[in-house]
Engineer: 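Before I ask anything, let me first share the structure, which is written out below as C-alpha cells.
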Amino acid sequence: MLNIISNTLRTAVQRKGAAGVLSAHAYSSFTSHATFEIEKSDLHKLDEGPATQVVLTRNEGLQYYRTMQTIRCFELKAEQLFKQQIIRGACHLYNGQEACAVGIEAEINLSDHLITAYRTHGFAYTRGGSLEEIMSELAGRSAGISKGRGGSMHMFAKTFYGGNGIVGSQVPLGAGLAFACKYQNKNELSVCVYGDGAANQGQVFETFNMAALWKLPVIFVCENNRYAKGTAIKRVSASTDFYKRGDFIPGLRVDGMDVLCVREATRFAADHCRSGKGPILLELKTFRFAGHHEGEDHLSYRSREEVEKVRRESDPISMLRERMLSNNMTSKEELEEVDVGIIKEVEEAAQFAITNPEPPLEELCNHIFCGSPTLEVRGTNPWTKLKSV
C-alpha cells in the first residue's frame, strides 16, 4: 500500500497518547524566540541584500511548520488518490517546495495579488482556500474551489489568480495585476511565480521590459527546481543565473528550501516594490520530491541518489523542525500533536471530496464569469437541455 505520510507523521500516528502529553508540558519553559544565521543571498544590481542574521519567534515557527506540514500531507494524500484514479488528469504536486509558498506568504498581505504556474495546491491553501475545496477540485467535484472545472492547475481565490497551463503566460498576467495596483494607487503588489522552464519564454522577457519601464510593483519569483519538466536546466539554459535574467531589473538568489531565507528575501523584495522602485526578481533554489506531474517516472531523468540526498539534507520541514527543537522552541510531543491534527484534517478533506457529487451536466455553462447567471455560449446550448443521470 502506498505510504502517504512521512516518517515524522507516521511516528506521530503510532505514538499512543500523543495528544495528552503536551497538556502536561509547561509552555512557559519554551524559548519565545531565537536568532539564526541564514545563507547569504546572491545579488544582481543591488548594493545590499536581505539580512543574514534573523529572528524567529516560537509562534512564527509553529505557524510555518503547521502550514508546510499541511501542504506536504495534503500532496501525499493527493498522490494516493491519483493512483486510485479518484483524481484524474494532470496533477502537479508541491512536495519539497513548501518553504517557497510559506516564506513568500509570511511577508506579503492577503490583499496583495499572487499568480503562479502548474503547482497551485500550496498557494491555493495559503491564499485562503480550504482543504475540502482544494481536494474537491482535484477530484472534479461540485464543492471544488473552481466548482470542479479547473483541476490541479486552475484554482482561484479572492487575490489568487490560479495557475496556468501555458508555460510562462502567467508572467504578463502578473505584471498586469501590478499595473492595476499602480493605476488604482493602492499600496498593493503582485507576486508572479514561474519555473525555471518558463524562464526562457519570450513573453517573460517582454514582460520584464514593460515592468521596468513602468516601474510596476511586481516581484517576479522563479522557483528553480532544477528540472524543466524532465530536462535538467543546464541542457536548456545557456545561463542558469535566473536572478540576473531581468538584466536591468535587480535580482537576488536564495535558498528556497529554507523558509527563513525565503521570508527575508520576500521582505526585502516587498519593501523594494512598495517604496516605488519598481520590479525585482527573486530566484528560489528549490527541489520537487515528486515528478513534474503524477504518473511520470521522474527517476528516468534524475537519479534516486540525487532525490534522496536532497530529502536527507535539505527537506524544508525537517530543517525548521530541527532548528526549533535544538533551540528549545518546541518539543517532539508538541510537533507530534500538530502532525496528528493535520493528518486528521487531510483525511477528512479527502473523505469530503470523495463523497461530494460531480457537477451536474445542466450546470455546464454556469460559473463562466464570477457573479453572473448561466451564460448562453455558442455551441453549448444543446448541452443545457440535457439532464444529469
Side-chain angles (χ1 to χ4, degrees), residues 38-55 100-117 123 127 159-161 168 170-196 198-199 201-224 239 241-256 258-285:
I38 61 174
E39 183 181 293
K40 185 178 180 180
S41 305
D42 297 319
L43 306 179
H44 171 66
K45 290 191 178 298
L46 290 168
D47 295 327
E48 59 180 1
T52 57
Q53 191 175 71
V54 301
V55 175
C100 298
V102 175
I104 289 171
E105 293 284 15
E107 289 300 327
I108 63 172
N109 307 318
L110 275 177
S111 57
D112 292 322
H113 309 270
L114 193 145
I115 187 168
T116 186
F123 281 114
R127 288 274 96 187
T159 54
F160 177 54
Y161 302 84
Q170 74 276 16
V171 179
L173 294 176
L177 293 168
F179 180 85
C181 294
K182 186 171 183 177
Y183 185 80
Q184 295 173 351
N185 198 29
K186 293 182 177 179
N187 185 29
E188 297 171 357
L189 56 82
S190 168
V191 178
C192 180
V193 185
Y194 59 98
D196 50 278
Q201 288 287 313
Q203 59 189 324
V204 173
F205 294 93
E206 293 176 38
T207 302
F208 287 167
N209 181 60
M210 288 188 293
L213 279 173
W214 298 338
K215 289 194 173 181
L216 300 182
V218 54
I219 305 174
F220 295 110
V221 180
C222 178
E223 287 183 316
N224 177 7
S239 170
D241 291 333
F242 297 108
Y243 71 110
K244 297 180 180 179
R245 289 290 191 91
D247 189 13
F248 30 75
I249 297 177
L252 56 157
R253 178 168 59 192
V254 301
D255 183 0
D258 184 343
V259 68
L260 296 185
C261 284
V262 179
R263 184 189 74 175
E264 295 305 309
T266 304
R267 175 184 297 168
F268 181 90
D271 289 344
H272 177 96
C273 288
R274 295 192 202 278
S275 64
K277 295 178 181 177
I280 190 168
L281 204 161
L282 177 58
E283 179 187 346
L284 306 180
K285 298 179 294 181

Engineer: Does the side chain to side chain contact (heavy atoms under 4.5 Å, CB included) test come out yes or no for F123 and I104, once each step is laid out?
Structural biologist: CA-CA 10 Å; F123 281 114; I104 289 171; 4.1 Å; yes

Engineer: Please give me the minimum heavy-atom distance between T159 and S111, naming the atom from each residue.
Structural biologist: CG2-O, 4.1 Å

Engineer: Given 3.5 Å as the limit, does a donor-acceptor pair link the side chain of E264 with the main chain of T52, or not?
Structural biologist: no

Engineer: State the NZ-CD1 distance between K45 and I249, to the nearest 0.5 angstrom.
Structural biologist: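 Rounded to the nearest 0.5 Å, the NZ-CD1 separation comes out at 11.0 Å.
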
Engineer: Would you say the side-chain atoms of R274 pair up with the backbone N or O of N187, donor to acceptor, closer than 3.5 Å?
Structural biologist: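 Yes; at least one donor-acceptor contact below 3.5 Å.
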
Engineer: Flag the pair T266 / L282 as yes when at least one side-chain heavy-atom distance between them is below 4.5 Å, and no otherwise.
Structural biologist: yes

Engineer: Can you see which heavy atom on G256 is nearest to which on C100, and at what distance?
Structural biologist: O-SG, 3.6 Å

Engineer: Side-chain contact, heavy-atom cut-off 4.5 Å: F179 with V218?
Structural biologist: no

Engineer: To the closest 0.5 Å, what do you measure between CG (N224) and CZ (R253)?
Structural biologist: 8.5 Å

Engineer: Provide the closest heavy-atom pair for A265 versus V254 in the form atom of the first, atom of the second, distance.
Structural biologist: CB-CG1, 3.8 Å

Engineer: Over all heavy atoms of both residues, which pair between I219 and C273 is shortest? Give the atoms and the distance, please.
Structural biologist: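 Looking at all heavy atoms of both residues, the shortest contact is CG1-SG, 3.7 Å.
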
Engineer: Tell me the closest heavy-atom pair linking A211 and P279, and the distance in Å.
Structural biologist: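 Closest pair (atom of A211, atom of P279, distance): O-CD, 3.4 Å.
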
Engineer: Evaluate the criterion side chain to side chain contact (heavy atoms under 4.5 Å, CB included) for residue pair D112 and V191; output intermediate values, then yes/no.
Structural biologist: CA-CA 8 Å; D112 292 322; V191 178; 5.7 Å; no

Engineer: Is there a side-chain contact between I280 and F268 in this structure, where contact means two heavy atoms from C-beta onward sitting under 4.5 Å apart?
Structural biologist: yes

Engineer: Looking at R127 and E105, does any basic side-chain N land under 4.0 Å from a carboxylate oxygen?
Structural biologist: yes

Engineer: In a check of ring pair (Phe, Tyr, Trp, His ring centres under 6.0 Å) between F208 and each of F242, F248, F220, which one passes?
Structural biologist: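 Going through F242, F248, F220 one by one, the ring pair (Phe, Tyr, Trp, His ring centres under 6.0 Å) with F208 is satisfied by F220 alone.
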
Engineer: Rounded to the nearest 0.5 Å, how far does CD of E223 lie from CD of E283?
Structural biologist: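 Going from CD on E283 over to CD on E223, the span is 11.5 Å.
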
Engineer: If you measure from CG on D247 to CG on L281, what distance do you get to the nearest 0.5 Å?
Structural biologist: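 D247 atom CG to L281 atom CG measures 11.0 Å (nearest 0.5 Å).
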
Engineer: Hey, could you give me the CG/CG distance between N109 and L189, rounded to the nearest 0.5 Å?
Structural biologist: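 So the gap between those two atoms works out to 7.5 Å.
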
Engineer: Are the side chains of C181 and H113 in touch, meaning some heavy atoms are under 4.5 Å apart?
Structural biologist: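 Yes, side chains in contact.
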
Engineer: Which atom names give the shortest non-hydrogen contact between C261 and I38, and what distance separates them?
Structural biologist: SG-CB, 3.7 Å

Engineer: Just say parallel, tilted or perpendicular for the rings of H44 and Y243, cut-offs at 30° and 60°.
Structural biologist: perpendicular

Engineer: Decide side chain to side chain contact (heavy atoms under 4.5 Å, CB included) for Y161 and L173; before the verdict, give the C-alpha distance in whole Å, the side-chain angles of both, and the deciding distance to 0.1 Å.
Structural biologist: CA-CA 9 Å; Y161 302 84; L173 294 176; over 6 Å; no

Engineer: Do K182 and P217 come close enough that some side-chain heavy atom pair is under 4.5 Å?
Structural biologist: yes

Engineer: Where do D42 and D241 land on the side chain to side chain contact (heavy atoms under 4.5 Å, CB included) test, with the steps shown first?
Structural biologist: CA-CA 10 Å; D42 297 319; D241 291 333; over 6 Å; no

Engineer: Inspect the contact between D196 and R245 and indicate whether a charged nitrogen and a carboxylate oxygen are less than 4.0 angstrom apart.
Structural biologist: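 Salt bridge absent between R245 and D196.
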
